[in-house]
*Asks:* 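Right, I'll just put the structure down here and ask away after.
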Amino acid sequence: MRVRYAPSPTGLFHVGGARTALYDWLFARHTGGKFILRIEDTDRSRYRPGALEDLLAGLRWLQLDWDEGPEVGGPYGPYIQSERLPLYQEFANRLVAKGAAYRCYCPPERLIALREQQALRGEPPGYDRACRDLTQRQIADYEAKGVTPVIRLRVPTEGTTTFHDLIRGDITVDNRSLDDLVLLKSDGYPTYHLANVVDDHLMEITHVTRGDEWIPSTPRHILLYQAFGWDPPQFAHLPLILSPTGKGKLSKRKAKGPGGEEYLVMVHEFREAGYLPEAMFNFLALLGWSLDETTEIFTREQAVAAFELERISKAPAVFSYDKLKWMNGVYIRQLAPEVLAERLQPFLARSGIVVDQETALKVARLVQERITTLAEAAALVDFAFADSISYDPALLIQKGMSRQDTMRALEASRHALAELPAFDEASMETALRQLAQALGLKAGQLFGAIRVAVTGRAVAPPLFGSLELVGRERVLARLRRAEELLVAEPA
RNA sequence: GCCCCCAUCGUCUAGUGGACCAGGACACAGCCCUUUCAAGGCUGCGACAGGGGUUCGAAUCCCCUUGGGGGCACCA
């Protein structure tokens with residue numbers, strides 16, 4: 001099996017493309033075949049610098065390694081279409097020589113006008129085949145005038161074309177609904193249709209797995225294969241990914257959520273937002289495919305072992321950010337704390353929290369069950385790295401306690417913590433639980449007051465770990481500060 | 001407008017004629033656990049788009065309607 005992923009470097013790597021690449025990769029790995037990456041850069045006007053680098057980085061992030069393609073080479077190269085131009089020209093001319101294609105001298109303006117008229121009359125748009133049967137003399141005239149022609153395929157004007165889709169079964173179209181598509185543009189570049197067919201043939205691609213949006217042009221490709229006298233590969237068209245807005249496919253243009261926030265669509269955006277590649281892999285795999293009846297979380301090895309084209313669903317799928325977040329959380333919780341610490345460091349640094357491994361590990365233990373993306377960690381522990389904290393002193397006073405009670409409790413806590421031989425979680429817990437009992441308070445009351453005094457919030461990571469992170473000296477200072485605030489605060 | 005594809009809980013899906021008064025997951029709600037928040041556990045809510053057939057029997061097969069999506073470039 002030889003499977004290719006053939007993106008066009010016209011923009012940043014998109015999750016829809018990533019899902020296609022993932023399925024191509026899974027199919028290749030499952031069958032023990034080759035995964036080939038081919039760059040379809042045959043439109044000079046749409047080329048975007050940096051797009052190729054972003055694509056390769058995205059594929060590597062998801063660990064979708066390719067056996068042949070840019071940077072790794074292979075026996076069928078080059079794998080960048082702009083480096084294969086003479087090939088397409090030669091094959092296009094071959095079709096002209098056979099009479100299966102012809103040169104068309106119609107200027108773009110005429111074609112635009114033609115489509116306008118067709119739209120006006122309510123006719124389907126399409127080339128009117130004006131140049132399909134030019135006389136030798138007409139051709140000579142155009143050539144003498146220096147008009148650069150395009151090459152068009154001579155599509156049959158009757159009959160039907162059928163191809164078998166591995167996911168959908170047979171698909172048939174009436175040839176009369178097809179027009180004579182351009183194969184070679186006047187700038188000497190091939191169109192997608194030509195380049196794709198020539199390369200798939202030359203590279204001995206056996207399976208073409210691509211997005212649903214290609215179904216309408218597949219019959220044209222079949223006709224092209226027939227014109228060349230080649231056997232077409234097998235086709236499998238994947239369902240599209242829909243935007244959560246419910247309207248249309250997940251596009252590169254930013255769709256906005258109900259709150260006006262922008263949905264993430266580029267692979268690099270997910271990476272920067274703190275999603276783990278293994279979670280992304282798992283989630284994307286499930287968007288249109290299922291491993292079995294109930295399994296949601298699986299490793300890439302399991303996916304490779306189980307992947308079947310037959311289990312790909314036909315209906316388009318809405319991209320669920322909620323489920324992705326949940327899944328990312330699952331993967332974060334599965335990480336060894338040391339690994340999480342390491343992965344967290346760049347994200348913490350981005351928020352100005354530069355820490356050593358040991359501190360990062362403490363943070364990791366504290367936030368592991370509380371974050372759904374790596375980027376969320378900083379906001380949970382920033383109190384421990386801030387010079388000062390501010391809060392409404394009223395928060396200090398717990399349910400069932402007076403201002404006086406709270407002041408006494410904080411003061412007693414401060415003394416207890418100051419005298420502790422070791423400032424670690426276990427010692428703190430023992431001491432403070434005893435203290436609560438001695439003061440006639442519920443543990444939650446005492447802990448709540450300390451939590452606000454030290455973190456500035458009513459909701460924070462587990463208390464003792466938080467105290468350890470803040471450090472004894474600053475904990476004591478913050479307790480004292482809270483006591484002062486209560487003196488000032490009339491309650 | 002024309003052509004093509006698709007149709008099970010709000011969402012992702014299982015289901016390939018009887019084991020389905022439809023299973024799992026996310027989300028949502030309640031309860032439990034608990035120093036707050038989480039995480040975890042349990043429970044609940046919730047779907048075969050509609051109508052015709054075929055069949056002893058249909059979520060599963062066929063047709064129509066409706067709905068959704070995609071495509072109709074010298075873009076991919």
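Naming: A, B, ... by sequence-line order, numbering from 1 per chain.
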*Asks:* Would you mind reading off the distance between A:His164 atom NE2 and B:rC4 atom C1', rounded to a whole angstrom?
*Replies:*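 These atoms are roughly 17 Å apart.
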*Asks:* Side chain of A:Asp212: nearest nucleotide among B:rU13, B:rC5, B:rC74?
*Replies:* B:rC5
*Asks:* From the set B:rC37, B:rC74, B:rG15, return the single nucleotide nearest to any side-chain atom of A:Arg152.
*Replies:* B:rC74
*Asks:* Distance check needed: B:rC72 P versus A:Trp214 CH2, whole Å only.
*Replies:*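 The answer, rounded to whole Å, is 8 Å.
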*Asks:* Here's a test of your reading of the structure: between A:Thr294 and A:Glu369, which maps to the more 5' nucleotide of RNA chain B?
*Replies:* A:Thr294
*Asks:* Between C1' on B:rG15 and NZ on A:Lys314, what's the gap in Å once rounded to a whole number?
*Replies:* 13 Å
*Asks:* Which pair of heavy atoms, one from A:Pro461 and one from A:Leu366, lies closest together, and at what distance?
*Replies:* CB-CG, 3.7 Å
*Asks:* Rounded to whole Å, please give me the gap between CD1 in A:Ile215 and P in B:rG69.
*Replies:* 16 Å
*Asks:* Using the rule salt bridge (Lys or Arg N to Asp or Glu O under 4.0 Å), only one of A:Arg152, A:Arg154, A:Arg220 pairs with A:Asp179; which is it?
*Replies:*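 Going through the options one by one, the only one that passes is A:Arg220.
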*Asks:* Please compare A:Asp174 and A:Phe447 by the position of their nearest nucleotide in RNA chain B and report the one closer to 5'.
*Replies:* A:Asp174
*Asks:* Any idea which of B:rA14, B:rG1, B:rC6 is nearest the A:Pro125 side chain?
*Replies:*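 The answer is B:rG1.
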*Asks:* Nearest-Å distance, CZ (A:Arg46) to P (B:rA73)?
*Replies:*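 Atom-to-atom, A:Arg46 to B:rA73, this comes out as 14 Å.
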